[in-house]
K.L.:
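Let me give you the structure first, and then I'll get to my questions.
The shown structure was predicted, so the numbers you read here are calculated from the model rather than taken from an experiment.
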Amino acid sequence: MATKKSETAPTALQQNYAWTAVDDYDVRTYMLPTLEDKAKRDALIAEHRQHPRGAATQPGEAPPLHSRVLRMVVDKVRMVPQAGKHTIVETEPWKEYAIGILPGQRGGAVKITKERYNTREDAEHAIFKKRLRALCAQYGIRM
């Protein structure tokens, strides 16, 4: 008897196996050595705190870019699925920023949490720490 298509296991292509395998390799090879070491992880968080959105270039100076590991971590934590993803909601223009949680579907309502910040940078850093905590938990690292 032939198996219905809906009953067969998804293929590696349908599961996007190649991308997820390379992504996991990159995390384990390039990021985990820093994230597993508390002192290195704290230094990474402090680096992000200093310039959560990068920094402005000053005349005659090289741009203050994030370190290689921080760039990789920021890219990784920004690539989470939309459902449940944290975002910044400007509740008072230029004065107050809240953390919102995306619904994951077009037209859905963003749930706004009670967290409030005076600057976009503070809100950006708070989201970074939430996403970093989730990434670490995914790899069995307690923060």
K.L.:
How far does CE of M72 sit from CE of M31, to the nearest 0.5 angstrom?
P.N.:
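Rounded to the nearest 0.5 Å, the CE-CE separation comes to 4.5 Å.
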K.L.:
Grab the two heavy atoms, one from Y30 and one from V69, that are nearest each other, plus how far apart they are.
P.N.:
O-CG2, 3.9 Å
K.L.:
Give a yes or no on whether the backbone of H86 and the side-chain of R131 come within a donor-acceptor separation of less than 3.5 Å.
P.N.:
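Yes; judged by distance alone, with no hydrogens or angles, the pair exists.
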K.L.:
So, taking the atom named NZ in K76 and the one named CG in D23, what distance separates them when rounded to the nearest 0.5 Å?
P.N.:
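If I round to the nearest 0.5 Å, the distance is 3.5 Å.
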K.L.:
Look at D24 together with R28 and state whether they make a salt bridge at an N to O cut-off of under 4.0 Å.
P.N.:
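Salt bridge present between D24 and R28.
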K.L.:
How close do A123 and I99 get, counting heavy atoms only, and between which atoms?
P.N.:
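Between these two residues, the closest heavy atoms are O-CD1, 3.9 Å.
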K.L.:
State whether D37 and R41 are salt-bridged, where the test is any N-O pair (Lys NZ or Arg NE/NH1/NH2 against Asp/Glu carboxylate O) under 4.0 Å.
P.N.:
no
K.L.:
Closest heavy-atom contact between T87 and I127?
P.N.:
C-CD1, 3.5 Å
K.L.:
Given the rule in the side chain to side chain donor-acceptor pair (under 3.5 Å) test, do H48 and H125 qualify, once you have shown the distances and angles that lead to the verdict?
P.N.:
CA-CA 7 Å; H48 186 272; H125 187 63; 2.8 Å; yes
K.L.:
Under the side-chain contact (heavy atoms from CB on, under 4.5 Å) rule, what do I141 and L32 come out as? Steps first, then yes or no, please.
P.N.:
CA-CA 9 Å; I141 300 169; L32 284 190; 3.6 Å; yes
K.L.:
Give, for atom CD of E96 and atom OG1 of T119, the distance between the pair rounded to the nearest 0.5 Å.
P.N.:
12.0 Å
K.L.:
Any salt bridge linking R49 with D122? Criterion: basic side-chain nitrogen under 4.0 Å from a carboxylate oxygen.
P.N.:
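Result for this pair is yes, salt bridge flagged.
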K.L.:
List the steps and the verdict of salt bridge (Lys or Arg N to Asp or Glu O under 4.0 Å) for K129 and E124.
P.N.:
CA-CA 9 Å; K129 290 192 302 185; E124 194 81 43; over 6 Å; no
K.L.:
Rounded to the nearest 0.5 Å, what separates atom CG in L70 from atom CG in L44?
P.N.:
4.5 Å
K.L.:
Linking I/L/V/M/F/W/Y whenever any side-chain heavy atoms sit under 4.5 Å apart, do V77 and L102 land together?
P.N.:
no
K.L.:
Let me confirm one number: the CG-CZ distance from L135 to F128, rounded to the nearest 0.5 Å.
P.N.:
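Reported value, rounded in 0.5 Å steps: 9.0 Å.
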K.L.:
Examine I88 and L132 and state if one hydrophobic cluster contains both, with Ile, Leu, Val, Met, Phe, Trp and Tyr joined whenever side-chain heavy atoms are less than 4.5 Å apart.
P.N.:
no
K.L.:
Could you grab the distance from atom CD1 of I101 to atom NZ of K85, nearest 0.5 Å is fine?
P.N.:
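With rounding to 0.5 Å, CD1 (I101) is 13.5 Å from NZ (K85).
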K.L.:
So, does T29 use its side chain to make a donor-acceptor pair with the main chain of D26 at under 3.5 Å?
P.N.:
no
K.L.:
May I ask whether Y139 and M143 are part of the same hydrophobic cluster, defined by side-chain heavy atoms of I, L, V, M, F, W, Y residues being less than 4.5 angstrom apart, directly or through others?
P.N.:
yes
K.L.:
Do side-chain atoms of Q50 reach the backbone of E47 as a donor and acceptor pair under 3.5 angstrom?
P.N.:
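No, the answer is negative, given that no donor and acceptor are paired below the 3.5 Å cut-off.
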K.L.:
Look only at the side chain of R116 and the backbone of A98, and say whether a donor-acceptor pair between them is shorter than 3.5 Å.
P.N.:
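Absent.
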